[in-house]
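Presented below is the structure to which this report refers.
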Amino acid sequence: MDKTINVTLKVWRQRGPKAKGAFETYKLNGVSTDSSFLEMMDQLNEQLISERKEPVVFDHDCREGICGMCSLYINGHPHGPDEDITTCQLHMRKFKDGDTITIEPWRSHGFPVIRDLMVDRSAFDKIIQAGGYVSVNTGGAPDANAIPISKEKADLAMDAASCIGCGACVAACKNGSAMLFVSAKVSQLALLPQGKVEAARRAKAMVAKMDELGFGNCTNTGACEAECPKNVSISNIARLNREFLCAKLKD
Amino acid sequence: MSSIGKKTIQSITGGALILFLTFHALMNIFVIISPEAYDAICEFLGANWYALVGTVGLAALVVLHFIFAIVLTVQNYIARGSERYAVSARPKGVEWSSRNMFVLGLVVIGFVVLHLLNFWYKMQLQEILGNELEMSGAEFVQDLFSHPVYCILYMIWLVALWFHLQHGMWSAFHTLGWNNNKWIPRLKCISNIYTGIVCALFFCIPLYYLIINLIA
């Protein structure tokens with residue numbers, strides 16, 4: 001027999017971007033500790049539907065921690081109290097019987113609430129469109145070993161590329177800054193020879209777009225790194241600062 | 001101006017102010033080691049042209065640092081969104097000072113005003129105006145710190161200053177692009193020690209007079 005717990009949920013409900021939101025409290029009984037957090041949310045929604053109430057809207061997709069779609073600010077932490085995982089990888093065994101769990105959407109000027117716990121993260125797509133790519137004239141695939149890349153650089157680029165663009169960094173930051181995201185996207189390309197060619201243009205364009213979209217200024221608190229489900233390092237932020245300043249000095 | 005540009009100005013002005021504080025602390029400590037040496041330093045600086053150029057430069061640094069701090073803080077407040085989190089936890093590894101740099105900065109600048117009234121107004125300004133000084137530099141220090149209230153106020157101020165500096169120093173390197181996973185903890189450690197020494201040198205002076213006056 002698996003263990004079950006009873007929890008009280010304080011969930012942010014908001015009808016639309018302009019509507020005034022408020023917390024609603026729900027009691028949910030018989031939650032299996034083997035279930036994931038999102039399965040618990042599904043259970044809540046089934047209960048709400050059976051009571052002829054509106055289910056809670058929340059984002060989710062792959063439910064295996066790679067797509068970056070799930071969000072939720074749970075008990076004061078983006079992606080919940082556990083470390084280095086996304087909300088979909090969070091399990092109910094992390095909670096105790098009788099716990100009150102507060103669930104909020106990402107709160108940031110750059111991520112307006114669409115409904116309930118779902119926020120609009122298309123600002124990240126706009127930043128990527130501003131320069132987070134390598135322009136290539138496609139031809140035959142070159143030999144993989146034609147351009148030597150040091151293991152150290154390859155590892156750093158891979159670590160930066162592990163960013164799934166979920167927005168937890170912005171949600172965690174007291175300044176609503178998107179620097180960890182932007183720096184990871186700049187670093188994964190700037191570290192490699194293929195991306196180096198356009199590094200200056202990319203850093204300038206992506207930072208300009210980030211500022212334009214109303215994200216805050218980084219003050220190096222490190223909250224983003226601590227809450228990042230993929231452990232992206234803030235040394236990427238210093239790299240972005242360097243790339244940006246060097247690009248500006250070369251103007 | 002871009003977000004990184006504004007932070008670069010904060011880094012450079014802040015770094016320059018840390019250098020100033022270093023020299024300031026090294027000179028001040030002589031007031032308890034040798035009041036004569038301290039008076040000689042006061043004499044050397046006084047209202048000479050190089051001291052005045054330095055004073056104007058410092059004032060410009062403080063004003064720039066302060067103005068950009070306000071702009072950045074207001075922008076960051078807006079970027080946070082209109083709704084605040086009902087529950088928020090400070091993640092581990094996040095320094096308290098890093099989240100309160102503006103408040104700490106306000107405490108520091110508030111006391112700078114008091115400090116200028118205590119010393120600069122009575123010393124350099126009077127020299128600029130061509131008035132005779134009431135007493136020597138070391139005597140001004142002894143006079144002020146004969147009030148235990150001032151000793152304690154200055155000591156509180158210096159603790160706030162240290163919190164501000166220990167985040168500010170490594171943060172400045174970070175903003176100027178010193179990127180390296182190994183060097184982040186090292187820079188933090190160096191910043192803690194360096195700013196700790198600077199603030200401790202300052203801290204010794206009110207502490208020394210507080211103890212001396214309590215014994216006497």
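Bear in mind the structure is a predicted one, so any value in this text is a computation, not a measurement. Lettering of chains follows the sequences in order, A, B, ..., and the numbering in each one begins at 1. Values reported hereafter were calculated over all heavy atoms of this structure, with side chains retained and with hydrogens, waters and symmetry mates removed.
- Within residues 220-231 of chain A, the residues having any heavy atom closer than 4.5 Å to a heavy atom of chain B are A:N220, A:T221, A:G222, A:A223, A:A226, A:E227, listed by residue number.
- The distance from atom CZ of A:F215 to atom OG of B:S3, rounded to the nearest 0.5 Å, is 11.5 Å.
- Residue B:I184 touches chain A through its side chain alone, counting heavy-atom pairs closer than 4.5 Å.
- Interface check for chain B: of the options A:G110, A:S233, A:C218, the most heavy-atom pairs under 4.5 Å are formed by A:C218.
- Interface remark: B:W183 contributes no atoms to any contact with chain A (heavy atom separation under 4.5 Å).
- Comparing B:T73, B:V94, B:I78 by how many heavy-atom pairs each has under 4.5 Å with chain A, the most go to B:V94.
- There is no side-chain donor-acceptor pair under 3.5 Å between A:S235 and B:N179.
- B:Q75 CD to A:D211 CG: the interatomic distance, rounded to the nearest 0.5 Å, is 7.5 Å.
- Using a cut-off of 4.0 Å between Lys/Arg side-chain N and Asp/Glu carboxylate O, B:R84 and A:E104 are scored as not salt-bridged.
- With hydrogens and angles ignored, the 3.5 Å screen pairs a side-chain donor or acceptor of B:Y85 with a backbone N or O of A:R107.
- Residue B:T8 comes nearest to A:L245 through the heavy atom pair OG1-CD2, 3.3 Å, listed as atom of the first residue, atom of the second, then distance.
- Residue with the most contacts toward chain A among B:G5, B:S82, B:A86: B:A86 (heavy-atom pairs, distance under 4.5 Å).
- Put simply, CZ on B:R80 and OG on A:S177 are 10.5 Å apart, with the number rounded to the nearest 0.5 Å.
- Proximity to chain B at a heavy-atom threshold of 4.5 Å picks out A:L156, A:V170, A:A171 from residues 149-171 of chain A, in numerical order.
- With a 4.5 angstrom heavy-atom cutoff, B:N181 touches chain A via backbone and side-chain atoms both.
- In this structure, the side chain of A:R242 does not engage the main chain of B:T175 through any donor-acceptor pair within 3.5 Å.
- Nearest heavy-atom pair across B:H174 and A:I237 is NE2-CB, 4.1 Å.
- For residues 45-68 of chain B, every residue pair satisfying the ring pair (Phe, Tyr, Trp, His ring centres under 6.0 Å) rule, not counting sequence neighbours, is listed here: B:F44-B:Y50.
- Residues of residues 182-192 of chain A having a heavy atom under 4.5 Å from any heavy atom of chain B: none.
- Using a 4.5 Å cut-off between heavy atoms, B:S2 contacts chain A through both its backbone and its side chain.
- Of the listed residues (A:P112, A:G21, A:G176, A:A172), the one with the most heavy-atom contacts under 4.5 Å to chain B is A:G176.
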